[in-house]
Undergrad: 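Sharing a structure here in structure tokens format.
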Amino acid sequence: MLDPQLLRNDPNEIKKAMQRHGADLDVDALNILETKRKEIQVKTQTLQSERNKSAKAIGLAKAKGEDIQPLLDNVSQLGDDLKTAEAELNDVQAKLLSIQASLPNILSDDVPTGKDEEQNIELKKWGAIPEFSYQAKDHVDLGQSLSGIDFEAGAKIAGSRFVTLSGPLARLQRALTQFMLDTHIDKHGYRETYVPYLVNEESLRGTGQLPKFEEDLFKIGNDSPYYLIPTAEVPVTNLVRDEIISDKDMPLKFVAHTPCFRSEAGAYGRDVRGMIRQHQFEKVELVQIVKANESAQALEELTQHAEEILQALKLPYKLMLLCSGDTGFSSTKTYDLEVWLPGQSAYREISSCSNFVDFQARRLKARWRNPETGKPELVHTVNGSGLAVGRTLIAVMENYQQADGSIKVPEVLVPYMGGLEIITA
RNA sequence: GGAGAGAUGGCAGAGCGGUUGAAUGCACCGGUCUUGAAAACCGGCAUAGGUUUAUCCCUAUCCAGGGUUCGAAUCCCUGUCUCUCCGCCA
């Protein structure tokens, strides 16, 4: 959520910023509502003030044993007026809030203007693209010939966009997860966290998935529903909801491994082959809770931490700066890491790292106490995948494939594979 | 699943329906004292919103949402969460 103060003071400037992020703001409607809000709020507060005064007067009179009936007569109308005014105020404020909730974050100045992913900027290319003396196989073929990936079984048990892994490939996915966690914990200083995979509505509001993106989520129950997490960002970032963090605990750096669940409602026909786009996938997520002036730097570092995993696995990748049109709703600036997939002869997203500044924190009421002022200040939140494990598995399989269909185990993973160096059928 | 207890400031913990935004203690900040520190003493110390150059002032907030009342932290209802006992269970 944007700073309402900002919205009030300079709506036209916000409108411009919103257009860059592909949203619009009806300034006139906003101004009308704002004026109305002020008027009704003043009226309501005046009435409340009157009520409080007379209630006190009555209390005093009663204590002295005076006749309070005339005072009571005086306030008979007040209650109804107040109730009407309060109802009106609630109404206006709800409307204002829904406008605010629908507005995306203001993009950072260094985010290039652009329509879609075509206009993203390539900042870096790392690693040599492997060459094969044969037509490179994709992970589907590799996995089936190794009897380690079974899409039919996934479909039978659950439905489309589900998969089962077994044997060494299942272990390879676990090895990747462990390797990522260990690296981030031991080398990058993150704190391991275990969190619920089902969350309530409030948590999803906090991180901005609700109210706008409900169709991307799996919902369970109706009266007070749970949602399957689409990313660990939701439960992990909500750790700091309604908290005031002590200065000496800042910054907070969390890493969590969770399954992620996405309905992929808008993705019919996209990536239907293989396990690129699943309803359920594993991800290791990095979350940093930092002071306001530290978030830009934190994004750079966090992205670096994700890159180091790819480098350790010797997987070729590109670092992309997303353009305005491709940057997510809550983000001010996003880097994507795209890994090379020989089976597709293409780079595909494997990590997305974003700086949300105070946008999530405002909703979350996530603050830290600044010792200089003694006052609580909103934190900044930064997060990114470090990495999407399912896609990393694919990348390893395809990049480490050998002519006979076997897969070499990346050096850093061998200890996690119980010494196994080659996965064969 | 059954029975009971509870939810109050950064933390702990008081609070007869009536100047209670809330006692007290701890923590924190400033000061006195001290060679320095500790102790002691004095003072300050919630959050959000409205108005304001600013001070002031006003409003809201004692888990959440309703209700009773001139007036609710306090009474009633509903929900959420926590704790204790019993049962069940990985």
Side-chain angles (χ1 to χ4, degrees), chain A residues 1-9 30-31 33-101 194-206 210 220-227 235 238-250 252 289 291 358-359 361-379:
Chain A
M1 194 168 68
L2 289 170
D3 185 357
Q5 209 74 46
L6 214 61
L7 196 60
R8 240 173 269 164
N9 293 343
L30 181 75
N31 283 338
L33 271 175
E34 252 314 304
T35 313
K36 205 168 154 195
R37 189 214 101 234
K38 255 178 214 171
E39 184 191 312
I40 298 170
Q41 183 161 350
V42 169
K43 182 175 153 199
T44 307
Q45 294 192 347
T46 310
L47 286 169
Q48 285 170 330
S49 177
E50 276 178 46
R51 177 205 57 198
N52 291 348
K53 281 199 189 102
S54 42
K56 273 176 191 170
I58 290 168
L60 272 166
K62 208 173 168 186
K64 287 184 199 156
E66 291 168 6
D67 180 18
I68 58 167
Q69 194 52 49
L71 289 168
L72 286 181
D73 294 343
N74 259 338
V75 293
S76 57
Q77 184 57 38
L78 204 59
D80 289 342
D81 290 350
L82 185 56
K83 218 166 252 182
T84 317
E86 279 174 344
E88 265 182 279
L89 184 61
N90 281 339
D91 186 52
V92 176
Q93 277 176 332
K95 282 183 184 145
L96 278 168
L97 192 66
S98 93
I99 291 178
Q100 280 168 33
Y194 171 78
V195 290
Y197 304 156
L198 293 172
V199 295
N200 57 34
E201 230 170 310
E202 189 53 35
S203 292
L204 288 155
R205 276 180 205 289
L210 289 178
I220 296 178
N222 287 312
D223 33 354
S224 59
Y226 287 118
Y227 294 83
N238 272 277
L239 284 170
V240 296
R241 168 149 58 92
D242 293 318
E243 299 292 336
I244 299 175
I245 301 149
S246 161
D247 172 51
K248 56 178 183 288
D249 294 332
M250 296 285 282
L252 293 169
I289 310 294
K291 298 175 186 175
D358 59 9
F359 192 85
R362 185 165 293 109
R363 256 308 174 58
L364 292 165
K365 293 199 191 76
R367 295 165 298 173
W368 70 287
R369 194 175 292 279
N370 186 342
E372 284 170 30
T373 58
K375 298 286 174 200
E377 294 176 12
L378 291 172
V379 300

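Throughout, protein chains are lettered first and strands after them, A, B, ... in sequence-line order, and every chain is numbered starting at 1. It should be emphasised that the depicted structure is a prediction, and the values quoted were computed from it without experimental measurement.
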Undergrad: Check salt bridge (charged side-chain N to carboxylate O under 4.0 Å, His left out) between R37(A) and all other residues, then give those that pass, not counting sequence neighbours.
TA: E34(A)
Undergrad: Considering only the C1' atoms, how many Å lie between G36(B) and U51(B), rounded to the nearest integer?
TA: 49 Å
Undergrad: Which atom pairs link the protein and nucleotides 51-57 of chain B when you take only N or O atoms and keep those under 3.5 Å?
TA:
none

Undergrad: Does E201(A) have any side chain to side chain contact (heavy atoms under 4.5 Å, CB included) partners at least two apart in sequence or in another chain, and if so, which?
TA: R205(A), L210(A), P225(A), Y227(A)
Undergrad: Applying side-chain hydrogen bond (donor to acceptor under 3.5 Å, both in side chains), name anything that partners S49(A), two or more places apart in sequence or on another chain.
TA: K53(A)
Undergrad: Report the distance from atom CD of Q48(A) to atom C1' of A72(B), rounded to the nearest whole Å.
TA: 15 Å
Undergrad: Give me the distance, rounded to whole Å, that separates U78(B) from C28(B) when you measure between the P atoms they each carry.
TA: 44 Å
Undergrad: Take atom P in G71(B) and the same atom in G13(B), then report the distance between them in whole Å.
TA: 33 Å
Undergrad: Would you please name every residue forming a salt bridge (charged side-chain N to carboxylate O under 4.0 Å, His left out) with R362(A), sequence neighbours left out?
TA: D358(A)
Undergrad: Between protein and nucleotides 63-65 of chain B, what N or O pairs are separated by less than 3.5 Å?
TA:
none

Undergrad: Reading RNA chain B from 5' onward, which residue's closest nucleotide shows up sooner: D3(A) or T46(A)?
TA: D3(A)
Undergrad: Check side chain to side chain contact (heavy atoms under 4.5 Å, CB included) between D91(A) and all other residues, then give those that pass, not counting sequence neighbours.
TA: K95(A)
Undergrad: In dot-bracket form, how is RNA chain B paired, counting a Watson-Crick or G-U wobble pair only if both its distances are under 3.5 Å and using | for bases paired to another strand?
TA: ((((((((.[[[..)..(.....]]].(((((.......))))).(((((......))))).[[[[[..)....]]]]])))))))....
Undergrad: Return the 5'-most residue of the pair E50(A), Q45(A) with respect to RNA chain B, ranking by each residue's nearest nucleotide.
TA: Q45(A)
Undergrad: Can you tell me how far P in C77(B) sits from the matching atom in C83(B), rounded to whole Å?
TA: 24 Å
Undergrad: Determine the interatomic distance between P on A72(B) and the same-named atom on A64(B); round to the nearest Å.
TA: 15 Å
Undergrad: When you compare C62(B) with A23(B), how far apart are their C1' atoms, in angstrom units rounded to a whole number?
TA: 14 Å
Undergrad: For the CD atom of Q93(A) and the CD atom of Q100(A), what is their distance to the nearest 0.5 Å?
TA: 9.5 Å
Undergrad: Might you list the N or O atoms of the protein lying below 3.5 Å from N or O atoms in nucleotides 44-48 of chain B, with each pair's distance?
TA:
{"unit_1": "U47(B)", "atom_1": "OP2", "unit_2": "K375(A)", "atom_2": "NZ", "d": "3.2"}
{"unit_1": "U47(B)", "atom_1": "O3'", "unit_2": "R367(A)", "atom_2": "NH1", "d": "3.3"}

Undergrad: Using side-chain contact (heavy atoms from CB on, under 4.5 Å), reason through L96(A) and L30(A) one step at a time and then give a plain yes or no.
TA: CA-CA 7 Å; L96(A) 278 168; L30(A) 181 75; 3.8 Å; yes
Undergrad: Sequence neighbours left out, what passes side chain to side chain contact (heavy atoms under 4.5 Å, CB included) with A366(A)? Give chain and number order.
TA: V240(A), A361(A), L364(A), V379(A)
Undergrad: Can you tell me if N52(A) touches the phosphate of U59(B), counting only side-chain N or O atoms and a distance under 4.0 Å to OP1 or OP2?
TA: yes
Undergrad: Determine the interatomic distance between C1' on C81(B) and the same-named atom on U8(B); round to the nearest Å.
TA: 16 Å
Undergrad: In whole Å, what separates the C1' atom of A5(B) from that of C89(B)?
TA: 25 Å
Undergrad: Rounding to a whole Å, what distance do you find between Q41(A):CD and U59(B):P?
TA: 13 Å
Undergrad: Set out, line by line, the N/O atom pairs under 3.5 Å between protein and nucleotides 17-20 of chain B.
TA:
{"unit_1": "G18(B)", "atom_1": "O6", "unit_2": "K62(A)", "atom_2": "NZ", "d": "2.8"}
{"unit_1": "G18(B)", "atom_1": "N2", "unit_2": "A55(A)", "atom_2": "O", "d": "2.6"}

Undergrad: Could you go through residues 81-90 of chain A and list every donor-acceptor pair under 3.5 Å that involves a side-chain atom there, pairing it with any protein atom two or more places apart or in another chain?
TA:
{"unit_1": "D81(A)", "atom_1": "OD1", "unit_2": "Q77(A)", "atom_2": "NE2", "d": "3.0"}
{"unit_1": "T84(A)", "atom_1": "OG1", "unit_2": "D80(A)", "atom_2": "O", "d": "2.8"}
{"unit_1": "E86(A)", "atom_1": "OE2", "unit_2": "Q48(A)", "atom_2": "NE2", "d": "3.1"}

